[in-house]
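One structure below.
Numbered from 1 within each chain, the chains take letters A, B, ... in sequence-line order.
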Amino acid sequence: MALQLTNTLTRRTETFVPLEPGKVSIYCCGVTVYDLCHLGHARSYIAWDVLRRHLIWSGYQVTFVQNYTDIDDKILNRAAAEGSSMETVSERNIEAFVADMASLNILPADRMPRATQSLDGIRALISELEAKGAAYSADGDVYFAVMKHAGYGKLSGRDLAEQQSNADGRVADVEEARKQHPFDFALWKGAKPGEPSFPSPWGAGRPGWHIECSAMVRAELGDTIDIHLGGADLIFPHHENEIAQSEAASGHELARYWLHNGMVNVGGQKMSKSLGNFTTIRALVESGVSAMTLRLFVLQAHYRKPLDFTPEALDAAATGWKGLNAALQLTAATGPAPQDANKPQPEIPQPEIPQAGGFPWADARSRFAAALNDDLNTSAALAVLFELAKPLRALANRIERGDPAAAAEAHQSELVARCVLLQELASVLGLKIETEPAKADAGSNGHPGAGDAEIQAQIEARLAAKAAKNFQEADRIRDGLKAQGIELIDKGGGLTDWIRA
RNA sequence: GGCGGCAUGGCCAAGUGGUAAGGCAGAGGAUUGCAAAUCCUUUACCCCCAGUUCGAAUCUGGGUGCCGCCUCCA
């Protein structure tokens, strides 16, 4: 089955056909770099990362461009508040963005243009629009005239006449008064005193938000691209305006497919900076939630539906990930060596990997592919992963316990084939092995708790007590350690492991 | 008010005409000195009403509830 995608533009799920066979050009709206990314951003970019990985896995040559908006009121406000500059705030948050995306195992975009580096293209585009009569200037600002563009509203389903009457009752501020239509939006904003500005034919100022993306798409990928991505909250006005600008200038369709992801909700409300109900990726990871747990949490829901963020759901994902991770760890020990990490797309195997024919689960690969082809049904795809992983995690556990027969079983051809397949499919979802955090530094970073040596001594004492059938003493030691946050795990062969709970 | 979307077991969530995937939690069992961890087994007729159909969670109409966008937002 060919890839089906739900296109916001047509409100239909359509078969994906690229402009050029075998190649896909993608533009993904990035972040305004005034603060750290939160779970909502993570959801969006994980979803699109899976789209990208799936396309690569399917044999497409993908060009993925994502922008940074590094000129914006919010950045200026932040800079003013902390007494630094726009550049300082931007640079810091771009660095954080790169790190956060990497921690979530999101493939870096092929190119990441910035608004501040795209000014020539922006000015050229505004000039073109002006020459075509689609833009007008007013007091140093330049606006796009929505009434001059037939088809304005086609993405979001808005009707200009209707919206105008709706807007009539609103309070019109100074900026509103300059507009010919309430939906007209700024292409260029005249400089305000004390703010950074850039020269232009319309006077010093800075670009509006929407024009940045139009200019960057054009500079990086051309007039028409295959897929344009973004959050559902960008449909209007951002993407609507982007279409209007680009199509008014070029006369060509901007993007064939528009994909939008659903929001992350908290208590039934959208997670957002303005509501203040957000949790940053960083805060989650620092609180001990693993990156792959976040990935699993996000991928268990369909990308277009709203996703509720609750501690319970996150716990469920953490436990679920533990099982998959155990299977993947066995896979790493059994399967073929990982590929060269320096290759451009190192983690995504190409489709030539041999089929695991002959086994009852041999159709797992095609079921997985069918799930992703069905408008990125990651939830159904994950079900295939869990199915493959089940016997592997059981085996991993037996090996862990020192079962000698288990180690031999791991090399049976069926299990090896299963491992190879699991590894391949997991990589398409961007799920990768997470190793246990090191125990060594615990206790030394301000947290009260026993040092390793002391814990080991206690374990020895308890084992001795157990051997002497002094279970009361053994339990006393265990409870004592538990009070310090140390949990003991008895394993086969008289061994005891421990974890910091 | 306009546009769009969603309602499936205790929680999260697939499934778009043929008799309910998966994860988590729960229950029973195995294992354990007891635990923990782990493994095995197991748990739903799909918001309400009406209709179409041999047959509907899935289609149609109506109702109710919830969410997003209409200002910056992934």
Could you list the donor-acceptor pairs under 3.5 angstrom formed between side-chain atoms of residues 313-321 of chain A and any protein atom two or more places apart in sequence or on another chain?
| from | atom 1 | to | atom 2 | distance (Å) |
| --- | --- | --- | --- | --- |
| A/Thr319 | OG1 | A/Asp315 | O | 3.0 |
| A/Trp321 | NE1 | A/Glu434 | OE1 | 3.0 |

If the condition is salt bridge (charged side-chain N to carboxylate O under 4.0 Å, His left out), which residues does A/Asp73 pass it with, not counting sequence neighbours? A/Arg206

The side chain of A/Ser379 lies closest to which of these nucleotides: B/A14, B/C69, B/A74? B/A14

With sequence neighbours left out, what residues match A/Lys322 under side chain to side chain contact (heavy atoms under 4.5 Å, CB included)? none

Among the nucleotides B/G15, B/G22, B/A35, which one has an atom lying closest to any side-chain atom of A/Asp374? B/G15

Can you list the residues that meet the salt bridge (charged side-chain N to carboxylate O under 4.0 Å, His left out) rule with A/Asp226, with sequence neighbours excluded? none

Heavy atoms within less than 4.0 Å of RNA chain B: which residues of residues 303-318 of chain A have one? Give them sorted by number. A/Lys305, A/Pro306, A/Ala316

Could you list the residues that satisfy side chain to side chain contact (heavy atoms under 4.5 Å, CB included) with A/Arg393, not counting sequence neighbours? A/Ala326, A/Ala327

Check this for me: does the side-chain of A/Arg478 come within 3.5 Å of the base of B/C34 through a donor and an acceptor? yes

Reading nucleotides 36-41 of chain B 5' to 3', which nucleotides get B (base under 4.0 Å from a protein heavy atom), which S (sugar-phosphate only), which -? BBSSSS

Partner set under ring-ring contact (aromatic ring centres under 6.0 Å, His included) for A/His302, not counting sequence neighbours: none

Name all residues meeting the side chain to side chain contact (heavy atoms under 4.5 Å, CB included) criterion together with A/Asp475; count only those two or more places apart in sequence or in a different chain, and write none if there are none. A/Arg478

Hits for side chain to side chain contact (heavy atoms under 4.5 Å, CB included) against A/Ala115, two or more places apart or cross-chain, chain-then-number order -> A/Asp70, A/Ile71, A/Glu212, A/Met216

So which nucleotide does B/G1 pair with, by the Watson-Crick or G-U wobble rule with both distances under 3.5 Å? B/C70

Side-chain contact test, heavy atoms from C-beta onward, threshold under 4.5 Å: evaluate it for A/Arg418 versus A/Trp361 and give yes or no. yes

Can you list the residues that meet the ring-ring contact (aromatic ring centres under 6.0 Å, His included) rule with A/Phe144, with sequence neighbours excluded? A/Phe185

Kindly state which residues belonging to residues 462-470 of chain A come within less than 4.0 angstrom of RNA chain B, counting heavy atoms of the residue only, listed by number. A/Arg462, A/Lys466

Between B/C69, B/C72, B/G22, which one does the side chain of A/Phe236 approach most closely? B/C69

